[in-house]
Each structure stands twice: as structure tokens, then as C-alpha cells.
Amino acid sequence: MESVECDEINRDVLPPPELFVLRDGQGPMLYAPLGRLVARANEPAIALALAYAKDPGSFENMDADEQAVVNMFKERGFFEPRSFPHHEVGFKPAQVTLFPTNRCNLRCSYCYAYGGEGGKNGEPLVTMSADVAKRAVDLVAHNAKERADNGENVHNFLVSIHGNGEPFCAYDLIKEIIWYGRDLAEKLGIPAVFNAATNGVLSEEQLEFVVANFDSVNISFDGLPQFQDANRPQASGKGSFAMVDRTMKRLSEAKVDFGIRTTVTADMVEYMPQIVEFVADNYPGIEQLHFEPVWECGRCVKSSCSMPSSEAFIESYLASVKIADERGLRLVFSGARHDMIVDTFCKVSSGSFTVTPLGDVTACYEVSYRSDARSERFFFGHYDYELGDFVFDQKKLDELSKLNVHNIAFCNDCFCRWHCAGDCAAKVLDGISLEEHSGSVRCEINRALTLNQIQRKLDWRPKDDETV
Ligand code: SF4
Ligand code: SF4
Ligand code: SF4
């Protein structure tokens with residue numbers, strides 16, 4: 001694995017761009033994340049660039065050769081002022097994620113939500129009321145229409161079906177949601193987009209409904225039959241591979257836009273390259289394969305599955321990237337995304353509008369029960385059954401808006417600051433304040449895999465265009 005040393009020039013003195021010096025086996029690179037710029041250079045050239053960035057007046061004291069080096073960086077935009085990213089302010093969502101039910105037909109050994117068992121504290125198994133779902137769809141559809149009419153960059157409303165259980169265990173409700181959303185889209189004259197995340201254990205009828213009605217689908221699948229059957233068994237204890245395989249083959253054949261999310265445990269980490277081959281062989285046309293190391297929470301705490309070491313995950317991921325490239329497959333890990341310039345890891349700080357089966361509104365997919373201590377931070381509204389409408393807590397929204405990387409001192413010196421943006425708040429801020437954020441074991445993975453993306457970006461460009 002390449003080392004990720006990271007030097008940084010003084011941010012207090014220099015307005016953005018921030019410049020970082022990254023080093024790998026080939027030597028140093030100058031990296032300006034906000035300008036999406038990277039260049040390999042030798043150490044003296046890097047030193048000149050940093051000297052100039054710290055004090056542009058030093059240019060006058062450089063000789064002609066040194067000035068020529070600085071000019072090469074200058075011409076490529078390395079010293080241009082850049083703005084920091086800022087997230088949206090004001091809560092007017094044009095998208096909603098609905099958790100139709102916490103029931104589940106699987107009992108995955110690492111499920112963060114104890115799917116099918118009502119969360120950690122065994123709360124009742126429920127299905128969302130149709131009134132709640134329809135009002136949520138109403139709200140985002142009308143917001144989208146209003147925002148589009150006001151000339152904002154909003155062209156549709158989005159309804160995502162997800163869950164702290166398997167959403168298709170509430171199939172009748174899902175049908176109602178889709179039909180309601182379609183009618184509303186027609187009435188308002190703004191398109192509706194429907195996404196679903198499912199475990200893929202669907203009846204024939206449900207599968208055909210998905211093919212006919214969803215714009216994109218995400219399937220949770222553990223990559224190889226033996227891991228799927230072991231880690232993601234049905235509630236009856238039987239394996240689930242055969243059913244998920246049928247679902248993915250049908251989606252593939254029907255050319256539905258779908259991706260696979262594979263949760264990687266310590267036992268399966270070395271098989272990641274094989275998983276890439278298996279997926280490419282069996283499910284052609286798949287949009288992306290998402291590898292995520294399991295996070296030890298929920299059912300995982302008591303089951304035998306554990307998180308892979310950072311080193312093992314990085315090594316296996318990098319081996320997988322090569323194969324994925326050859327097979328034309330897009331490989332994804334949530335913490336490495338050098339192409340995104342953001343100040344939050346997810347939409348948590350702008351009040352991602354996610355509705356639980358009971359009608360509570362949470363900003364975080366992983367926090368969906370009132371009895372979860374983290375709900376104090378992430379719940380910011382609920383459906384008022386008497387009023388027949390959602391009520392939101394502006395103070396909570398204001399607090400949530402602080403969950404961004406501008407406020408995370410720990411990330412200040414990290415070159416992934418504007419990509420990873422402090423990582424998943426539910427994971428790194430469990431029981432602590434923002435000031436106490438001190439990263440996690442994921443930081444090593446985030447940095448190594450982001451560095452790899454930057455290296456690959458350099459490799460892909462013509463040398464004379466990028467190398468100083
Ligand atoms: S399918 Fe999803 S909700 Fe159900 S047990 Fe597995 S991880 Fe949990
Ligand atoms: S905070 Fe983490 S778990 Fe919650 S929605 Fe964001 S990425 Fe997902
Ligand atoms: S959470 Fe870790 S990897 Fe992410 S920006 Fe902060 S320090 Fe960097």
C-alpha cells in the first residue's frame with residue numbers, strides 16, 4: 001500500500017485554494033482539492049509552489065528558472081482563489097425517503113436495524129399508514145413544483161423506498177405510493193422519480209412491479225452465494241441467494257438501472273476481487289458495485305461477523321479496482337470520492353427528509369427508532385395524526401445544519417476534508433459532540449482509497465498536460 005503523508009500550507013494565511021502535498025512511491029504530488037487539480041512534481045518544484053502560495057511576493061526574489069516553475073503551476077490554476085462548498089440552507093425538500101415497514105423476510109447477521117425484530121429494543125412491527133406516505137409525497141411534489149417554477153435547478157420530485165426492514169414486506173403500501181405519486185406528477189406537471197433499496201427477496205409479482213415502476217434499484221447482496229446464504233439468511237433460516245440471484249438476473253435482463261451493495265466482513269474481505277468477477281459474469285449491465293466494510297453495530301455486535309482490518313480492506317479493494325476496470329464495472333466505497341466537493345458526508349445536515357414507519361422524521365437512515373439515544377440528534381419532526389400533516393422542529397434542523405466539516409476541527413488537516421467531509425455522522429458521532437469528533441478506523445481507508453483515485457486521475461491524463 002502507498003503511504004499517504006500529507007503536508008499542508010497555512011490555511012490561516014492563504015485564502016482557498018488549499019494545497020496539500022501527497023506522497024506515494026513515485027514521489028510528491030501537489031493537490032488542490034477545491035480546484036480539482038493535481039500534479040506530480042519533484043521536491044524542489046513543490047517547495048517553490050508552496051513558497052509562492054504562502055507569499056506571492058517571494059516571486060520577485062526567484063531566478064528565471066524558479067519563476068518558470070511557479071508559472072507552470074499558476075497557469076494550471078493552482079493558486080486561484082476558490083470558494084469553500086456550502087450546503088443548502090432552508091428546508092424545502094423535493095425528495096423523501098420512506099421506510100414503509102420494519103418487518104423483514106431476512107435476518108442478516110450484521111443488520112444495524114435488527115430488521116424484522118423491531119430494533120435493538122424489540123419495538124412493535126408496523127407498517128406506515130398510507131396517510132403518512134401520501135402526505136410526504138404531496139409535500140415533496142409541491143415543493144419541487146414551486147422550486148422549479150421559481151427557476152431553481154429542480155426538475156422532478158424523488159421518492160425513495162428504503163427501510164429499517166424490507167420495504168416490499170409492505171408491498172400493498174408501495175403500490176399505493178407509486179400510483180399516488182404518478183397521479184400527482186401528472187396533475188402538477190412535474191416528473192416523479194422512484195428509487196428502491198431492497199434485499200431482493202421478492203415474489204414474481206413484486207419483481208415485475210419493480211421492473212415496471214422503479215427508475216433505479218439498489219440490491220443488498222453479499223457478493224458470492226456462500227456469503228449471501230451465511231450472512232443474509234431468510235427468517236426461516238434458509239439461504240437467500242437463489243431468490244436474490246433471480247431478482248438480479250431479471251433486473252439485468254430488463255436493463256433496469258440497478259446497483260449492488262455488498263457489506264464486507266472480515267471473513268470475506270479477501271474474496272472481494274472474486275466478487276467483482278462473479279458480479280460482472282452474472283449480472284451484466286449493472287450500474288455499480290458498492291463495497292462497504294461492515295460497521296460493528298446492531299445485530300453485528302452479538303453475531304460472529306466482524307469488521308475487516310483497514311489494511312485488508314484497502315488491499316483487497318485496490319486489487320478489485322483493477323478487475324472492475326477491466327470488466328467495465330464501477331466500483332464504489334462511500335468514503336472515497338475525490339470527484340465530489342462537499343461539506344457534509346450525506347444530506348444529514350440539510351435535513352434529509354426520511355420518514356419511519358411510525359411517521360417520525362429522521363435525518364439519518366440508521367437512526368429510525370425513538371428508543372435509539374441518537375434520535376435526540378437526528379429526529380427533527382413527525383407526522384401529526386390529528387393535524388394530518390408533518391410538523392418540523394426548526395431548532396433541531398438548525399442543530400443538524402452544524403454537522404458539517406467546517407465545524408470539525410479533527411478534519412482540518414486532512415486532504416479528504418472536502419470529499420469525505422467528516423464521514424458518516426451516525427458512526428463517528430455516536431454518543432459524542434461534534435467537538436469530540438476524532439475520526440474512526442475508516443479514516444485510514446478513506447484516505448488510502450482517495451489517494452488511489454487521485455493517482456488514477458494522474459495516470460489517465462496525458463503526462464505533458466499534468467506533470468510539472
Ligand atoms: S434485509 Fe436489511 S433490514 Fe432486513 S435484516 Fe437484512 S439488513 Fe436488516
Ligand atoms: S449519517 Fe451515516 S448512516 Fe446516517 S444517513 Fe448519513 S451516511 Fe447514512
Ligand atoms: S473523517 Fe477522517 S478521512 Fe474524513 S475528512 Fe475527517 S479526518 Fe479525513
Side-chain angles (χ1 to χ4, degrees), residues 4 6 20 33 97 99-119 125 160 162-169 197-202 218-222 228 231-235 240 243-244 261 263 292 294-295 297-300 303 305 310 334-337 342-354 362-368 372 374 377-378 400 403-430 437-451:
V4 192
C6 176
F20 294 87
T97 302
F99 287 8
T101 184
N102 57 354
R103 293 186 169 84
C104 193
N105 45 7
L106 298 191
R107 292 292 181 274
C108 304
S109 54
Y110 46 66
C111 178
Y112 64 87
Y114 294 84
E117 294 180 326
L125 297 178
S160 298
H162 204 287
N164 50 358
E166 165 51 37
F168 283 87
C169 288
T198 166
N199 63 27
V201 177
L202 304 171
N218 245 304
I219 304 283
S220 298
F221 167 56
D222 277 357
Q228 176 71 19
N231 296 345
R232 303 182 62 84
Q234 297 187 45
S240 59
M243 292 195 75
V244 182
R261 144 111 190 204
T263 301
E292 206 65 31
V294 71
W295 189 252
C297 66
R299 220 178 257 145
C300 185
S303 71
C305 66
S310 304
S334 68
R337 41 192 205 179
V342 289
D343 66 354
T344 62
F345 182 75
C346 64
K347 289 185 182 293
V348 74
S349 69
S350 47
S352 147
F353 181 26
T354 302
T362 176
C364 174
Y365 286 5
E366 290 195 10
V367 181
S368 58
D372 184 332
R374 295 173 299 172
R377 172 178 272 151
F378 293 110
L400 283 166
L403 297 180
N404 65 68
V405 76
H406 303 278
N407 298 320
I408 305 176
F410 181 79
C411 303
N412 273 356
D413 297 331
C414 177
F415 74 98
C416 298
R417 188 182 187 217
W418 304 113
H419 311 312
C420 158
D423 213 341
C424 161
K427 294 182 177 70
V428 296
L429 294 179
D430 190 1
H437 187 310
S438 56
S440 74
V441 288
R442 282 170 55 97
C443 287
E444 196 183 335
I445 303 175
N446 298 353
R447 291 182 203 193
L449 299 186
T450 304
L451 175 70

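Counting begins at 1 with the first residue of the sequence. Just so you know, these numbers come straight off a predicted model, no measurement behind them. Start at 1 and go down the list; that is how both ligands and their atoms are numbered.
Not one N or O on the side chain of Glu292 forms a donor-acceptor pair closer than 3.5 Å with the backbone of Arg261. Of the possible donor and acceptor atoms, none in the side chain of Arg442 sits under 3.5 Å from a partner among the backbone N and O of Lys427. Between the side chain of Ser440 and the backbone N or O of Val428 there is no donor-acceptor pair closer than 3.5 Å. A distance-only check finds no donor-acceptor pair linking the side chain of Asp423 to the backbone of Phe345 [under 3.5 Å]. Remark: the backbone N or O of Asn199 is paired with a side-chain donor or acceptor of Glu166 at under 3.5 angstrom. At least one donor-acceptor pair closer than 3.5 Å links the side chain of Arg299 to the backbone N or O of Cys108. Between the side chain of His419 and the backbone N or O of Ala421 there is no donor-acceptor pair closer than 3.5 Å. Looking only at distances, a side-chain donor or acceptor of Tyr114 sits under 3.5 Å from a matching main-chain atom of Gly298. No donor-acceptor distance shorter than 3.5 angstrom exists from the side chain of Asn231 to the backbone of Asp222, with no hydrogens or angles considered.
Interface atoms of ligand 3 facing Arg447, defined by a heavy-atom separation under 4.0 Å, are 7 (S). Applying the 4.0 Å criterion to heavy atoms of Glu366 picks out, from ligand 2, the atoms 3 (S). Near Tyr365, with a cut-off below 4.0 Å to any heavy atom, the atoms of ligand 2 are 4 (Fe), 5 (S). Close approach of ligand 2 to Ala425 (heavy-atom distance below 4.0 Å) involves ligand atoms 1 (S). Residue Phe345 has at least one heavy-atom neighbour below 4.0 Å for each of these atoms of ligand 2: 7 (S). Here is the list of ligand 2 atoms found below 4.0 Å of a heavy atom in Cys364: 1 (S), 3 (S), 4 (Fe), 5 (S). The distance from ligand 1 to the heavy atoms of Arg299 drops below 4.0 Å at these ligand atoms: 5 (S). Atoms of ligand 2 found under 4.0 Å from any heavy atom of Cys346 (numbered from 1 in listed order, with element): 1 (S), 5 (S), 6 (Fe), 7 (S).
There is a protein heavy atom closer than 4.0 angstrom to atom 5 (S) of ligand 2.
Counting heavy atoms under 4.0 Å from ligand 1, residue Cys108 touches it through both backbone and side chain. By the criterion of a heavy-atom distance under 4.0 Å, neither the backbone nor the side chain of Phe378 is placed next to ligand 2.
Of the protein's non-hydrogen atoms, the one nearest atom 8 (Fe) of ligand 1 is Cys111 SG, 2.3 Å. With hydrogens left out, the protein atom closest to atom 3 (S) of ligand 1 is Gly165 CA, 3.7 Å, a heavy atom. Here the protein heavy atom with the shortest distance to atom 2 (Fe) of ligand 2 is Cys424 SG, 2.3 Å.
Phe168 pairs with exactly one of Thr198, Val201, Asn105 by the side-chain contact (heavy atoms from CB on, under 4.5 Å) rule, that one being Thr198.
Distances under 2.8 Å from atom 6 (Fe) of ligand 3 pick out the protein N/O/S atoms Cys411 SG.
Here the CZ-CG distance, from Arg377 to Leu429, works out to 5.0 Å after rounding to the nearest 0.5 Å.
Between Phe99 and Tyr365, the angle of the ring planes goes over 60°, which puts this pair in the perpendicular group of the 30/60° scheme.
Side-chain atoms of Trp418 and Val342, non-hydrogen and from C-beta on, never get closer than 4.5 Å to each other.
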